[in-house]
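Written below as structure tokens is the structure these notes are about.
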Amino acid sequence: MRYISTRGQAPSVGFEDVLLTGLAPDGGLYVPESLPHFSLEEIRSWRGLSYSELAFKVMHPFVDDAVPADDFRAMLNETYGVFAHKAVAPLVQIDTNEWVLELFRGPTLAFKDFALQLLGRLLDYVLEKRQQHVVIMGATSGDTGSAAIEGCRRCKHVDIFILHPYQRVSDVQRRQMTTVKGDNIHNLAVRGNFDDCQRMVKASFGDQSFLGGKTQLAAVNSINWARIMAQIVYYFHASLSLGGPDRSMAFSVPTGNFGDIFAGYLARNMGLPISQLVIATNRNDILHRFMSGNRYEQQTLEHTLSPSMDIMVSSNFERLLFDLHGRDGRAVKELLENASKGPVSIEDYRWKSARRLFDSDAVDDQSTTETIREIFEQNAYLLDPHTAIGVRAARNCRRDPSVPMITLGTAHPAKFPDAVLESGVKASPELPIHLADLFEREEQYTVLDNDLPAIQDFIVKHWKNT
Ligand SMILES: *Cc1c(COP(=O)(O)O)cnc(C)c1O
């Protein structure tokens, strides 16, 4: 399998290189040159497979000879064996023909574990083979950092440095990062905000000379193709559990960077019958404004009760735009260059073709907490604020009640106790057993100034230079 850039001006590369780099050299994102396509008959034959066996069927064409089949199977067994539920991604029914797909049974209680548990293992496998080393550098306001640290804690060839804004992430989220032990794990609390952290990470990727050529940076945010790939699997898994592929499904996806929902779009293009995809955003609604009015325009950032979806630009949306433009990289490049200067639209027929599959909704904090309360009163079931946005959008946008509507449950409610508290329900979400002692564990992090040379100096001194 070869991968090409959405901006059309970088050479194609294989899976290993896609895994080890971030952006393509022309500034685009990598996508597969062509997608594998599965017949209904083949998909039907996967009924009853375990999650990791199904993951093998769906992902092996993307990985092909970078990881031989037996090794890949073993890796997937290990990856999805760490989840705290036998079904890995269980479905919970919340109304007639309406479901939540619980993607928060992994070590850090958010769906990002599905991809990052695998990414850590893939990286280490490929680096062992090549006898190379990488430094992962990432900025986080919460979920990505902890999932990346958990995913890389056992890697021999990876050092991970995660920057978070000092005293500006929630206690649960900080502790999920800083209590993980490992000499390759480095938590940097930066005296600044999330944007400062992100800016320093971007600058470091742009100019890696501070590493002296001895190692290279690798990305763990959702521009990394391997993350999207891993997320395709659970669409197949959910569908097969509810009578697919012999009936189509609708999915509602709480999204910010368009990563998770793009995976659903790919599942459909690979042959899985999906008749509707609902883009569920919070008040940072650039995607909703585009889908409802064909206008793509950045606005200022709002802080909401669903912080993991607080974004201004939606990086993976570029991957959809590439397809909507007939995979013409030059057109995408021009469009996005214009988008950085002001609002843009795409040709009407292209926008309408997206609207055949996608609907969208923006849900504010008040509707979010109302939905948490509503579902709790109806079912004694607690939603986290991100999932609540998905459920609200699903109900507002549903096209056909005879089609199962599945909302992706992206986080465990115990990760976001404030929203639950604000909803007024008389229940406090408890951390699952494997994290019950989180607040007794010892933390380890270094506080550093908001200063690029100081951060880079710390990295140079602390990665295992072996
Ligand atoms: C990261 C995250 C999202 C948004 O994911 P995208 O890849 O931007 O679609 C939604 N909910 C939670 C809980 C998250 O951690």
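For ligands, and for the atoms within them, numbers begin at 1 and follow the listed sequence.
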Flag for Arg227-Asn224: side-chain donor and acceptor within less than 3.5 Å | no

Ser367 and Asp364 side chains, donor-acceptor separation under 3.5 Å = yes

For the ring pair Phe111 and Phe114, is the centre-to-centre distance below 6.0 Å?
-> no

Sub-6.0 Å ring centroid separation between Tyr234 and Tyr51 = no

Report the part of Asn257 (side chain from C-beta onward, or backbone N, CA, C, O) that has a heavy atom under 4.0 Å from ligand 1; answer both or neither where that applies.
-> both

Residue portion contacting ligand 1 (non-hydrogen atoms closer than 4.0 Å) for Lys112 | side chain

Looking at [X] and [Y], does any basic side-chain N land under 4.0 Å from a carboxylate oxygen?
X      : Y      : value
Glu370 : Arg392 : no
Asp384 : Lys415 : no
Lys333 : Asp26  : no

Would you mind listing which atoms of ligand 1 come within a distance below 4.0 Å of any non-hydrogen atom of [X]?
X      : result
Pro254 : 10 (C)
Asp260 : 7 (O), 9 (O)
Gly256 : 4 (C), 6 (P), 8 (O), 9 (O)
Phe258 : 8 (O), 9 (O)
Asp143 : 12 (C), 13 (C), 14 (C), 15 (O)
Ala411 : 13 (C)

Answer yes or no for Phe104: is there a heavy-atom contact with ligand 1 below 4.0 Å?
-> no

Nearest protein heavy atom with distance in Å, relative to [atom]:
atom                    : value
atom 9 (O) of ligand 1  : Thr255 OG1, 2.5 Å
atom 5 (O) of ligand 1  : Phe111 CZ, 3.4 Å
atom 12 (C) of ligand 1 : Thr410 OG1, 3.5 Å

Please step through salt bridge (charged side-chain N to carboxylate O under 4.0 Å, His left out) for the pair Arg395 and Glu374, ending with a clear verdict.
-> CA-CA 12 Å; Arg395 291 183 170 183; Glu374 180 180 309; 2.7 Å; yes

